[in-house]
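A quick write-up on the structure given underneath.
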Amino acid sequence: MIQVTLDDGTVNEYVSGITAGEVVIDANGKKHGCVAAIVNGEQKDFSTQLTESCEVSGIDAFSDDGMHILRHSAAHLLAQAVMELYPDAKPTIGPAIDRGFYYDFAMEPIGESDLKTIEKKMNELSRKNLQVERIELTDEELQEHFVNNPYKLEIINDKLEDGDSSTIYKQGDWYDLCLGPHVPSTAKLMAVKLTSVSQAYWRGDQSREQLVRIYGIVEPDKHALKQTLSRMEEAKKRDHRKLGKDLQLFHVDEEVGQGLILWTPRGAVVRQELQDFISYHLRRQGYHQVFTPNIGKLDLYRTSGHFPYYQDSQYPPLVEKDLMKKLSDEGCSCGELSNMMKAGDIEGYLLKPMNCPHHVKIYSSQARSYRDLPLRLAEFGTVYRWEQSGEISGLTRVRGFTQDDAHLFVREDQIAEEVLGCIELVQVIFETLGMEDYRVRVGLRDPDSSKYVGSPEKWDAAEQACRDAASSLGVNWTEEEGEAAFYGPKIDFVVKDVIGREWQLGTVQVDYNLPERFGLEYKGSDGNTHRPVMIHRAPFGSMERFCGVLIEHFAGKFPTWLSPTQIHILTISEKHAQYANEIAALLKDNDVRVEIDAGDDTIGKKIRTHRKMQPAYMVIVGEGEIESRTVSLRARNGDQISGLSLDDFISSLKQEIQEKTSVPSLVPAKSD
RNA sequence: GCCAACGUAGCAUAGCUGGUAGUGCGUCGGAUUUGUAAUCCGACGGUCGGGGGUUCGAGUCCCUCCGUUGGCUCCA
C-alpha cells in the first residue's frame with residue numbers, strides 16, 4: 001500500500017501500482033475535467049503508475065497547464081489526421097502555442113479548403129476514443145521507429161546528445177516522438193478547429209526546407225470553443241484596417257506605396273488630438289520641441305553606425321544628380337555604387353531611419369555645461385524604414401511612421417530620475433485612455449555575450465536605474481536577459497486592450513554608445529569635460545501604430561475628445577435646418593467638431609446612417625426642441641435624453657472633452 | 001524577402017465545368033417632410049488589379065508583375 005496526499009490535504013491509501021488517473025477519479029469523481037496529473041510537482045500522464053507514497057493532483061483542462069497539454073495533444077491528433085490523409089507527408093514538430101497549436105509537415109502545399117477535410121478526420125479520430133499510450137524506447141528503437149523521417153531523426157540525434165529520455169506517444173496506429181504528458185484519450189479533443197495553413201522553415205531557418213504549417217485551436221469542450229470563436233470574430237470586427245476604412249480614418253494607396261499611410265481628415269483628427277495631448281505633457285515635463293528634416297547625409301548615419309548596420313532595412317540612399325551622371329558616364333555599376341557608398345567614397349543622403357543623429361547635432365551645436373542637463377529634445381519625427389514587404393500591415397507595420405520621439409542628454413547621476421519621468425508620462429496617458437492593464441519589460445544584457453559597448457559598471461548602474469524605475473510604479477514588470485540593445489538596457493511597454501490582446505508599444509533605452517560615437521561632451525562642475533548619456537524614448541512607438549491600437553481598443557468608439565466628429569446633428573425634417581445650423585455654429589464656437597444632416601431621410605434612417613461613423617453623440621432636433629430651445633441627445637448604445645437645455649448641453653459637453661473622459665457619459669444609462 | 005490563398009463599380013458581394021457582368025448599400029435625380037437602428041421610384045457607375053499568352057471566344061485556364069490577407073524570417 002502507498003500513501004497518496006491529495007491537493008486538499010487528505011491522505012488516502014491505495015495499492016501500489018494504481019495509476020495517477022485512477023487517483024484523480026477517486027478524488028474528484030468521474031467528471032473531473034482533468035487532462036493529466038501532477039505527481040510530486042511534476043506533470044504526468046494519467047497512465048503513470050504510482051509505486052511510492054506521493055502527492056497527486058489533477059490538472060484541470062481549463063487551467064494554463066491543462067490548456068497547454070490539450071493543445072499539444074491536439075497537435076498530435078492533427079498530425080495523425082494528416083498522416084491518414086497524406087501518407088507521404090512527414091511530420092516534423094507540433095507544439096502548443098499561446099492561442100492554440102500548430103504542426104509543421106514536409107509535404108506538398110495544401111490550401112485552406114483542405115483544412116475542413118483534415119478537421120473532419122480529426123473529429124473522426126477523436127470519436128474513436130483512442131487511448132494515448134506512453135512508451136519508453138531505447139535509443140536504437142527510437143531511431144528505427146523514425147527511420148523514414150529525417151526531421152525526427154535530426155531531433156532524436158540532438159536529444160541523444162542532451163541525454164533526454166526517449167519516449168513516444170502512440171494513439172491507434174500512429175505514434176510521435178514526444179516527452180508528454182498528454183491527454184489519456186483522443187476523446188478529450190472533440191472541440192478542435194483548424195484556423196489557417198501557412199508556411200514555415202524547418203527549425204526557423206530561412207536556408208532550410210519549407211514546411212507546411214497548420215494552425216488550430218482547441219478547447220476543453222464545444223461550448224468553450226464556441227466562445228473562443230466568437231471572441232475571434234469580435235477581434236476581427238475591431239480590426240483597425242477594417243475600421244480605418246469604414247470610419248474613413250486613413251488610406252493606403254498602391255500607387256503611393258506599400259506601408260505609406262495617408263491620413264484622411266477624420267483620422268488626422270485622432271492623431272492630432274493625441275499628439276497635442278502628449279505634447280502638453282511633454283511641456284510639463286520640461287521637454288523642448290524641435291523640428292528636423294526628413295533626410296540627412298550618409299556620413300551622419302555612418303557615424304551613428306546605423307547606415308552600415310541596418311542597410312538592408314533602409315530606403316536606398318539618394319545620390320546627387322551631377323555625381324550620379326558622372327558615375328554613370330564612367331560606367332559605374334549598381335554594385336560598385338553600393339560598395340562606394342558603403343566605403344564612404346561617395347556621399348549621398350538618406351531618408352532618415354531615426355531621429356537621434358539630428359538631435360545629437362542639436363546637442364552639439366552649442367557648448368554644454370552640467371547646468372544644461374538634462375536636455376530633453378522632443379520631436380514627432382517621421383522616419384522611413386524599408387520593412388520587408390511581407391511584414392507590412394495596416395498601421396502597425398509600415399514604411400513611414402512618426403515616432404513620438406525624444407532624446408534626453410543626461411549626466412550619469414540623472415539616468416534613474418529621467419527614466420522614471422519617461423515611465424510616468426506613459427502612465428498618465430495610458431490612464432487617460434483607459435488602458436490601465438499594461439506591463440513593463442526590462443531588457444538586460446546577456447552576461448555571456450561580449451557584443452555590448454560601455455563598461456560593466458555603467459551597465460550595472462543603468463540596469464539598476466531601469467529596474468528601480470519599473471518597480472517604483474506598481475505595475476507588473478519582468479526582467480529579460482539578453483533583450484537589451486547593444487548600447488544599453490531598455491524598458492518596453494506592453495499594453496493589454498479591452499479584449500485581452502497585448503500590444504508592444506514603445507521603449508525607453510539608455511545609450512552610452514551614440515554620445516561616444518559623436519564625441520558629445522559637457523563641462524562638469526569640477527571643471528573637467530564629461531560625456532553625457534543619452535536616453536532614447538518613444539513610449540508609444542509611433543503615432544501610426546498607437547492610433548491603430550487605439551482604434552482596436554475602442555472598437556472605433558472613441559472617447560468624446562478623440563472622436564473625429566463629436567456631434568452629429570440630425571433634424572426630424574428639413575424644416576428644422578435653421579435651428580440645427582444655429583446649434584452647430586454654437587458648437588463650433590466652442591471648438592466642438594460637428595456635422596449636420598438636415599436632409600429628407602426619416603429620422604430612423606438618419607440615425608442608422610450616422611451610427612456607422614460613431615460620433616460620440618447624436619443631437620436630434622424637431623419642433624419640440626425648437627420651441628423649448630433644447631436638444632434631444634442620443635448615445636452610441638441607443639440611450640437618450642430629451643429636453644436638455646442648450647446651455648447645459650454645451651457646458652457639460654465641453655467639460656467631458658476637457659476632462660478627456662474615456663467613455664462618453666452625458667446620457668445617463670437607462671435604469672429599468 | 002519566402003510560402004499559401006485571394007484581388008469583380010466608393011463599400012460589401014453573385015457569377016458551377018470558358019460564351020463578352022448581376023445584387024445590396026452609398027452616390028445623383030424625382031416624389032415624400034417624417035420623432036430615435038432602412039419611405040418610395042428612377043438613373044449613373046465595372047476595359048472583372050496591370051501586362052502577356054492559350055482559345056473562334058477568358059472575370060473564369062496559363063505565365064508574369066503589383067497589391068491584400070495569413071504565416072515564416074526580420075524589426076535601430
Side-chain angles (χ1 to χ4, degrees), chain A residues 97 102 104 108-115 195-215 236 239 241-242 245-246 248 251-259 301 304-314 352-357 383 385-394 396-399 401 403 405 485-488 490 504 507 509 511 513-514 536 538 541 570-577 598-612 618-625 632-642:
Chain A
I97 52 175
Y102 67 81
D104 286 350
E108 289 301 307
I110 59 169
E112 301 270 344
S113 54
D114 300 310
L115 294 183
T195 50
S196 68
V197 53
S198 62
Q199 164 261 357
Y201 298 99
W202 172 232
R203 303 211 138 171
D205 186 340
Q206 230 177 91
S207 66
R208 305 199 63 180
E209 298 90 323
Q210 280 160 4
L211 307 172
V212 172
R213 173 171 294 181
I214 300 173
Y215 284 88
K236 219 171 167 180
D239 190 320
R241 293 168 301 192
K242 177 170 167 39
K245 197 176 270 178
D246 292 348
Q248 296 166 20
H251 172 67
V252 182
D253 196 291
E254 216 181 300
E255 293 195 53
V256 174
Q258 240 190 328
Y301 301 101
S304 72
H306 291 98
F307 176 63
Y309 194 75
Y310 292 104
Q311 195 158 36
D312 288 344
S313 44
Q314 286 161 4
K352 74 176 171 186
M354 67 256 116
N355 302 301
C356 20
V383 299
R385 296 179 186 174
W386 188 263
E387 299 290 351
Q388 298 187 79
S389 63
E391 264 308 331
I392 290 169
S393 171
T396 49
R397 200 71 189 270
V398 291
R399 282 187 174 159
F401 57 94
Q403 295 179 310
D405 209 1
F486 70 91
Y487 49 74
K490 65 173 181 175
Q504 144 99 60
T507 63
Q509 301 179 351
D511 179 7
N513 180 49
L514 225 46
H536 305 244
L570 317 183
T571 60
I572 297 295
S573 91
E574 286 171 306
K575 289 183 286 196
H576 315 121
D600 62 354
D601 282 327
T602 60
I603 190 65
K605 179 62 186 293
K606 285 180 187 172
I607 288 169
R608 193 185 164 84
T609 305
H610 288 266
R611 227 182 86 81
K612 288 181 185 154
M618 287 186 232
V619 161
I620 291 162
V621 293
E623 291 302 333
E625 284 76 16
S632 168
L633 203 58
R634 189 182 203 279
R636 286 182 178 125
N637 62 3
D639 286 348
Q640 50 176 300
I641 44 170
S642 0

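The model shown is predicted, which means the values in this text are computed figures rather than measured ones. Here is the naming used below: chain letters follow the sequence lines, and residue numbers restart at 1 for every chain. Computation of the quantities below employed the complete heavy-atom set of this structure, encompassing side-chain atoms and omitting hydrogens, waters and symmetry-equivalent molecules.
Of all nucleotides listed (B:G35, B:G71, B:C74), B:G71 comes nearest to the side chain of A:Tyr215. Of the candidate nucleotides B:G70, B:G1, B:U68, B:U68 has the atom nearest to the side chain of A:Gln258. Here the nucleotide nearest the side chain of A:Ile620, chosen from B:G1, B:U36, B:U33, is B:U36. Nearest nucleotide to the A:Glu387 side chain, out of B:G67, B:C74, B:G35: B:C74. When distances are taken from the side chain of A:Arg385 to each of B:C75, B:C11, B:G35, the shortest belongs to B:C75. Of the candidate nucleotides B:U39, B:A76, B:A37, B:A37 has the atom nearest to the side chain of A:Arg608. Proximity note for A:Ile603 (side chain, C-beta onward) versus B:U39, B:G35, B:A12: the nearest is B:G35. Distance from the side chain of A:Ile572 is smallest to B:G35 among B:G35, B:C74, B:A12. With B:A76, B:U33, B:G71 as the choices, the nucleotide that has an atom nearest any side-chain atom of A:Arg213 turns out to be B:G71. Side-chain atoms of A:Lys575 lie closest to B:U33 of the nucleotides B:U33, B:G1, B:A76.
Put simply, the side chain of A:Tyr102 reaches to within 4.5 Å of the side chain of A:Ile97, judged on heavy atoms. Between A:Lys352 and A:Tyr301 there is a side-chain heavy-atom pair separated by less than 4.5 Å.
Comparing B:G70 with B:U32, their C1' atoms sit 49 Å apart, to the nearest whole Å. Taking the C1' atom of each, B:G51 and B:U17 are spaced 28 Å apart, rounded to whole Å. A gap of 15 Å separates the P atoms of B:C11 and B:U68, to the nearest Å. Taking atom C1' on both nucleotides, B:C48 is separated from B:U20 by 12 Å, rounded to a whole Å.
When each of A:Lys490 and A:Gly394 is assigned the nucleotide of RNA chain B with its nearest heavy atom, A:Gly394 is the one assigned upstream, toward the 5' end.
Rounded to whole Å, atom P of B:A76 lies 18 Å from atom NZ of A:Lys352. In this structure, the OH atom of A:Tyr487 is 5 Å from the C1' atom of B:A76, given to the nearest Å. Between the CG atom of A:Leu211 and the P atom of B:G71 there is a distance of 17 Å, given to the nearest Å. When rounded to the nearest whole Å, the span between CZ of A:Arg241 and P of B:G7 equals 17 Å. The CG atom of A:Leu570 sits 14 Å away from the C1' atom of B:A38 (whole-angstrom rounding). Residue A:Asp601 contributes atom CG, which lies 14 Å from atom P of B:G35 at whole-angstrom precision. Atom C1' of nucleotide B:G70 and atom CG of A:Asp239 are separated by 12 Å, given to the nearest angstrom. Put simply, CE on A:Met618 is 9 Å from C1' on B:U36, counting in whole angstrom units.
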What string of B, S and - do you get for nucleotides 40-52 of chain B, 5' to 3', when a contact is any protein heavy atom under 4.0 Å? -------------

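With sequence neighbours excluded, the residues forming a side-chain hydrogen bond (donor to acceptor under 3.5 Å, both in side chains) with A:Lys242 are A:Asp246, listed by chain and number. Considering only residues two or more places apart in sequence or on other chains, A:Asp104 meets the salt bridge (charged side-chain N to carboxylate O under 4.0 Å, His left out) condition with A:Arg213. Judged as a ring-ring contact (aromatic ring centres under 6.0 Å, His included), and not counting sequence neighbours, the contacts of A:His610 are A:His568.
A donor-acceptor pair under 3.5 Å links the side-chain atoms of A:Ser573 to the main chain of A:Lys575, judged by distance alone. Side chain of A:Gln311 to main chain of A:Pro308: no donor-acceptor pair is present (N/O by atom type, distance under 3.5 Å, no hydrogens or angles). Looking only at distances, a side-chain donor or acceptor of A:Arg385 sits under 3.5 Å from a matching main-chain atom of A:Pro353. Between the side chain of A:Arg241 and the main chain of A:Ser393, no donor-acceptor pair closer than 3.5 Å is present.
Note on A:Ile392: only backbone sugar-phosphate atoms sit closer than 4.0 angstrom, heavy atoms only; bases stay farther off. Looking at heavy-atom distances under 4.0 Å, A:Gln314 makes contact with a base. Using a 4.0 Å heavy-atom cutoff across all strands shown, A:Gln311 reaches no nucleic acid atom at all.
The number of heavy atoms from other shown groups lying within 6.0 Å of OH (A:Tyr309) does not exceed 12.
A donor N or O paired with an acceptor N or O is found under 3.5 Å between the base of B:A76 and the side-chain atoms of A:Ser313. Side-chain atoms of A:Arg397 and base atoms of B:C74 include a donor and an acceptor less than 3.5 Å apart.
B:A76 has A:Tyr310 stacked on its base ring, the centres lying under 5.5 angstrom apart and the planes within 30 degrees of parallel.
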For RNA chain B, the dot-bracket pattern of Watson-Crick and G-U pairs whose distances stay under 3.5 Å, | for other-strand partners: (((((((..((((.....[..)))).(((((.......))))).....(((((..]....))))))))))))....

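A pairwise comparison of heavy atoms in A:Glu574 and A:Gly599 identifies CG-O, 3.6 Å as the closest pair.
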Pick out the pairs of N or O atoms, protein on one side and nucleotides 24-32 of chain B on the other, that lie under 3.5 Å.
{"from": "B:G26", "atom 1": "OP1", "to": "A:Lys605", "atom 2": "NZ", "distance (Å)": "2.8"}
{"from": "B:A31", "atom 1": "N6", "to": "A:Asp600", "atom 2": "OD2", "distance (Å)": "3.4"}
{"from": "B:U32", "atom 1": "N3", "to": "A:Asp600", "atom 2": "OD2", "distance (Å)": "3.0"}
{"from": "B:U32", "atom 1": "O4", "to": "A:Asp600", "atom 2": "OD2", "distance (Å)": "2.4"}

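Between A:Glu387 and A:Arg397 there is a salt bridge, since at least one side-chain N of the basic residue sits less than 4.0 Å from a carboxylate O of the acidic one.
The phosphate of B:C72 has neither OP1 nor OP2 within less than 4.0 Å of any side-chain N or O from A:Ser198.
A side-chain contact (heavy atoms from CB on, under 4.5 Å) with A:Ile572 is found for one member of A:Thr602, A:Ile620, A:Val621 and no other, namely A:Ile620.
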